[in-house]
Every structure is written in C-alpha cells, then in structure tokens.
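In what follows, every chain begins at residue 1, and chains take the letters A, B, ... in the order their sequences are listed.
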2 protein chains.
Amino acid sequence: MMGRGRGAWWQDRFADRGARITAPREVVLEILQETDDHVTAADVYVKAHERNPSIGLTTVYRTLDMLTQMGIVQKFDFGDGKARYELVNNPGGKKHHHHLVCLRCKAIVDYTEFLDDELEFIGKTQQRLSKKYDFDITDHAISFYGVCARCR
Amino acid sequence: MMGRGRGAWWQDRFADRGARITAPREVVLEILQETDDHVTAADVYVKAHERNPSIGLTTVYRTLDMLTQMGIVQKFDFGDGKARYELVNNPGGKKHHHHLVCLRCKAIVDYTEFLDDELEFIGKTQQRLSKKYDFDITDHAISFYGVCARCR
DNA sequence: CATTTAATGATAATGGTTTTCATTTTTAAT
DNA sequence: ATTAAAAATGAAAACCATTATCATTAAATG
Ligand SMILES: [Mn+2]
Ligand SMILES: [Mn+2]
Ligand SMILES: [Zn+2]
Ligand SMILES: [Zn+2]
C-alpha cells in the first residue's frame, strides 16, 4: 500500500532499495512530475536550485541516475549531446509511449495513438528475441525520425 | 562493374551533393565496409591512421557526420558515452535491422529475424503517424534492452 | 546521545566532440 | 600547364556534459 499520510507512490520503492528519502530527492521528483517535457539534467538543476539553492548539480545527476536504474525514470538520447529524462509510469502522468523526433529542430512528439497495436506487437517480438538470444529483456524504445511541418 | 572507372556505390551520392571524393573519405568508407561492428569515431580513427598516418581524428568526425547526414551511415547512442556508427544499406553488407542491447556489458546484437513482420508493422504505423502529425518520416529505430546470458 | 553509514555539494578532472585557423588539396578557369 | 577560387584537412585549443574526489553534513540505528 502506498498510503501513510502524504506518502508518494515512489517512496516505497525507495524503501525497498534502502535509499533514503531526502530533500534534494523529493525536489527532483516533484519537478519531474510537474513537467511533460523531456528534460536535461541542467533543466532539472535550474528548477531545483530555485526551490532550494543548496541543491547541487552533482546530486541532480546522481538522483536521475538512481531513478533511471530503478526504472522510475527513462533516459533518452535524441542526438543533441545531452541526455534527457522523463518520468515513466507515474500515476496520473504519462504512460509508456514512443517518440517521433524532428531531425531539424529536435522537437519531440510523444505519441500514444496506435500504442495498443504496437505493444501487442512488441510483446510478441520481445518474447521471440528473449528466447532466441537468451536475453532477459526489460525494456524497449521505438523512435521515428523525420522532419516536422514547421521545419519544411 | 559499377560505373565509371574505379567508381563505388557511394561515389554518385557524393557527386550529387557536390562533395569531393578524397583519400581520407575513401579510407573511412573502406573501413566501415570491412567491419560488422558498431564503431566509434576513435575506432575508425585508429584504423584509418594505420593506413594513412596523415589522417586526423577531426576529419574522421567530419566524414562520419557527413555520411550520417547523407543517410549512408547511421549514428547510434547505446548509452556508453560514445557515439557509434554503422554503414546502412550498403550493397553486399548489412541491411536495415534493429538492436538488442545488454545494459550490463553494452553488447549489441543486430537481429534480423522477425524483420519482415516488424517492417510491415512499422510501415503501417509510420503512415499513420505521418498523417496525424504531419511529419515527413524518413527513418526509425527499434531497440530492446535487457541483460544478456553471460551477464546473468 | 553516540555511532555508523549514506548523501551531499564544491571543485577538479575527464573525455568525447567541436571550433579555430593556417595550410594543403582539389576543382574550375584561363 | 598556370592560376585563381573553393573545399577539405589536421594540429591544437576550446567546449561542455558528465564523473570522480573528498571533506562535510544529514539520516538511520539503538
Ligand atoms: Mn516521451
Ligand atoms: Mn546494428
Ligand atoms: Zn522540426
Ligand atoms: Zn551482457
């Protein structure tokens, strides 16, 4: 159960891992929950620093890393030299989805249409690949690349 | 065979773009054709330097960039901090394919099984996305992530 | 409270990639 | 072939996102 007063959905996951729930970590989670963007570590740092100037960039990196390993956050590289992070499967937020990337302006579209079809298909393929290559597959990414309307 | 004199399949593409066919560029293409790996710029540089010590790392980067923009090479980021490059659609070489990545040892498997199914599915989705989001889609990537047998 | 361990942040270091710029090579024109 | 213009090259420096160090602080434990 994830109740216990103002407990948040991710706090149990921290407990499981023996990770402490600290102020900087809470701030990072808050920020991630309040945006729909694909933010960089620097993006997060700026916002975190507004709320609590004592929070350092290093800790932002460390927290994002940890969240990524815990599967709470997904890390992407869309080819502009900076890693981008996005909360995944948070209740009331975005669900698992795939991406459409403009190669010119780097705009990113989260698309959720057709996802049912895709996921069914992905599931099947994943099973076949797991077996054939003896992989323990835990995740996947699908991205389409092209040029958006405004860039053309 | 294959056109005017010492022509190679990519030379026409260079001409179209007004790009000059130089010794360093030829070497880079040769190297890319001789490997099945997903090479880094440094990888290419080392091999290029063996054949012609005057070739510099900068030119390797510039050439790989150019080839990427021309669609002759595909650039990947598998999360180890270095970009990786792979020749795409070269006659007699690898065809379009998707990837299976081990999150531990970073091993990369090119899989081509099930590709017919996948490509049919991708085509359909691509069409739907193009229309809905008014994107001129030219490419896509599918990657599965997990842990390989040896790492487990 | 005392003890132990985890987390933090300022700073420095790292390392892949890009910029700069003087020089060389290629192409086009004469 | 000579020359002039444009493109390509490479050594070195600059860049910049990310990581490692390490002294300090905060949190859990009992
Ligand atoms: Mn997204
Ligand atoms: Mn491949
Ligand atoms: Zn665009
Ligand atoms: Zn592995």
Side-chain angles (χ1 to χ4, degrees), chain A residues 4 7 10-29 31 38-70 73 75-85 106, chain B residues 4-7 10-29 31 38-70 73 75-85 106:
Chain A
R4 196 145 66 244
W10 47 268
Q11 303 206 341
D12 294 327
R13 315 259 322 252
F14 272 54
D16 289 346
R17 165 178 271 249
R20 296 176 180 173
I21 295 166
T22 66
R25 287 173 176 176
E26 282 184 321
V27 171
V28 169
L29 261 306
I31 289 168
H38 307 80
V39 293
T40 65
D43 291 336
V44 175
Y45 168 69
V46 168
K47 290 184 187 164
H49 200 261
E50 283 170 9
R51 304 187 193 191
N52 181 345
S54 86
I55 296 176
L57 177 59
T58 309
T59 296
V60 171
Y61 269 106
R62 281 192 287 232
T63 302
L64 290 173
D65 254 26
M66 175 193 219
L67 294 174
T68 301
Q69 279 184 308
M70 294 171 71
V73 149
K75 184 179 180 181
F76 292 103
D77 185 308
F78 293 117
D80 63 345
K82 318 172 216 193
R84 293 182 176 273
Y85 302 84
K106 307 289 182 192
Chain B
R4 335 258 334 114
R6 79 233 158 89
W10 47 268
Q11 303 206 340
D12 294 328
R13 315 261 320 252
F14 271 55
D16 290 346
R17 165 180 267 251
R20 294 174 181 173
I21 297 167
T22 66
R25 287 173 177 176
E26 284 184 320
V27 171
V28 169
L29 262 307
I31 290 169
H38 305 83
V39 292
T40 65
D43 291 337
V44 175
Y45 168 69
V46 168
K47 289 185 187 164
H49 200 259
E50 281 169 10
R51 305 187 193 190
N52 181 345
S54 85
I55 294 176
L57 177 59
T58 310
T59 296
V60 171
Y61 270 107
R62 282 192 286 233
T63 302
L64 290 173
D65 256 23
M66 176 192 217
L67 294 174
T68 301
Q69 280 184 307
M70 293 170 72
V73 150
K75 184 181 182 181
F76 293 103
D77 184 308
F78 292 116
D80 63 345
K82 319 173 215 194
R84 293 182 176 274
Y85 302 85
K106 307 290 181 191

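Protein chain B touches strand DNA chain C; the 5'-most and 3'-most nucleotides with an atom under 4.0 angstrom of its non-hydrogen atoms are dG16(C) to dT27(C).
In this structure Thr22(A) satisfies the side chain to side chain donor-acceptor pair (under 3.5 Å) test with no other residue, sequence neighbours excluded. Residues satisfying the salt bridge (charged side-chain N to carboxylate O under 4.0 Å, His left out) test with Arg51(B), not counting sequence neighbours, are Glu30(B), Glu34(B). With sequence neighbours excluded, the residues satisfying side chain to side chain donor-acceptor pair (under 3.5 Å) with Asp80(B) are Arg84(B).
Between Asp80(A) atom CG and dA17(D) atom P there is a gap of 10 Å when expressed in whole angstrom units. Rounded to an integer number of Å, the gap from CG of Asp65(A) to C1' of dA20(D) is 13 Å. When the C1' atom of dA27(D) is taken as reference, atom CZ of Arg20(A) falls 4 Å away, rounded to whole Å. Taking atom CZ of residue Phe14(A) and atom C1' of nucleotide dA28(D), one finds them 16 Å apart after rounding to whole Å. For the pair Asp77(B) CG and dT18(D) P, the computed distance is 10 Å after rounding to whole Å.
Closest-nucleotide positions on DNA chain C for Ala19(A) and Lys75(B) were compared, and the one nearer the 5' end corresponds to Ala19(A).
No side-chain heavy atom of Val44(B) sits under 4.5 Å from any side-chain heavy atom of Tyr85(B). Val28(A) is not listed as a side-chain neighbour of Ile55(A), based on a closest heavy-atom distance of 4.5 Å or more.
Within the nucleic acid shown, Ala42(B) has no heavy atom closer than 4.0 Å to any nucleic acid atom.
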Nucleic acid footprint by protein, nucleotides 9-14 of chain D - heavy-atom cut-off 4.0 Å, B for base, S for sugar-phosphate alone: BBBB--
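Identified under the side chain to side chain donor-acceptor pair (under 3.5 Å) test for residues 59-70 of chain B, with sequence neighbours left out: none.
By the 30° and 60° cut-offs, the orientation of the rings of Tyr45(B) relative to His49(B) is tilted.
The closest donor-acceptor contact from the side chain of Asp43(B) to the backbone of Thr40(B) lies under 3.5 Å.
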